[in-house]
Amino acid sequence: MAEKQSLEFLNTLQAIIRDRRHAPKTDSYTSRLFNKGLNKIAQKVGEEAVELIIEAKDEDLHLFHEEAADLLYHYLVLLEAKDTRLDAVIEVLEKRHK
């Protein structure tokens, strides 16, 4: 049940990110990221990946989860900036698994 809720949440989050791209809000961090362009979004993904790696080496699971969430969020923003969805990436993984 929790797995289904997680997927539903990711779909909701993707929809919010898509909305911020196509209907920007001045007080939205996501909208500001899109305004800065693809290079800045990709840079943020890289920064968050490095921060996650650093936290992975330590024992604080809470901070690791925080950084993992930041990376996943920025990755979803990057996917939207590239006009794609997480489903497309999951499809690739499913094909590799067979």
Side-chain angles (χ1 to χ4, degrees):
M1 183 68 170
E3 191 173 307
K4 183 179 178 184
Q5 290 174 339
S6 296
L7 292 175
E8 289 174 9
F9 175 75
L10 283 176
N11 287 331
T12 299
L13 185 56
Q14 285 183 115
I16 292 167
I17 290 169
R18 188 174 326 122
D19 182 65
R20 294 299 184 270
R21 179 181 180 201
H22 298 289
K25 295 185 177 185
T26 56
D27 62 340
S28 166
Y29 173 75
T30 306
S31 294
R32 290 193 301 273
L33 268 178
F34 283 118
N35 285 338
K36 292 179 181 180
L38 182 61
N39 287 344
K40 181 62 176 179
I41 295 167
Q43 178 184 344
K44 286 299 294 180
V45 172
E47 290 170 6
E48 297 302 339
V50 169
E51 291 173 10
L52 179 62
I53 291 165
I54 292 167
E55 290 305 327
K57 294 170 55 180
D58 293 334
E59 299 298 321
D60 191 330
L61 194 55
H62 173 75
L63 286 178
F64 177 75
H65 288 164
E66 291 285 329
E67 293 303 336
D70 289 348
L71 176 59
L72 181 55
Y73 162 78
H74 286 91
Y75 176 62
L76 292 173
V77 172
L78 180 61
L79 289 177
E80 176 60 34
K82 295 293 292 177
D83 292 314
T84 193
R85 303 281 176 271
L86 187 57
D87 290 344
V89 177
I90 291 170
E91 187 177 305
V92 170
L93 291 171
E94 287 173 340
K95 288 178 183 176
R96 288 180 183 176
H97 182 69
K98 293 181 180 179

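These numbers come from a predicted model, not from an experiment. Hydrogens, waters and symmetry mates play no part in the numbers below; they use all other heavy atoms, side chains included.
Taking Ile, Leu, Val, Met, Phe, Trp and Tyr as hydrophobic and joining them when side-chain heavy atoms fall under 4.5 Å apart, one finds I54 in a cluster with V50. Residues F9, L10, L13, I17, Y29, L33, F34, L38, I41, V45, L52, L61, F64, L71, L72, Y73, Y75, L76, L78, L79, L86, V89, I90 make up the rest of the hydrophobic cluster containing V77, defined by ILVMFWY side-chain heavy atoms closer than 4.5 Å, directly or through other members.
Residue pairs that meet the salt bridge (Lys or Arg N to Asp or Glu O under 4.0 Å) test with at least one member in residues 10-20, sequence neighbours left out, are R18-E80. Pairs of residues two or more places apart, or lying in two chains, that qualify as salt bridge (Lys or Arg N to Asp or Glu O under 4.0 Å) and include a residue from residues 37-54 are K44-E47, K44-E48. Under the salt bridge (Lys or Arg N to Asp or Glu O under 4.0 Å) criterion, no residue pair touches residues 56-77, with sequence neighbours excluded.
Closest approach of P24 and S31 over heavy atoms only: CA-OG, 3.3 Å.
For D27, there are no side-chain hydrogen bond (donor to acceptor under 3.5 Å, both in side chains) partners, not counting sequence neighbours.
Taking the charged nitrogens against the carboxylate oxygens, K95 and E91 do have a contact shorter than 4.0 Å, which makes a salt bridge.
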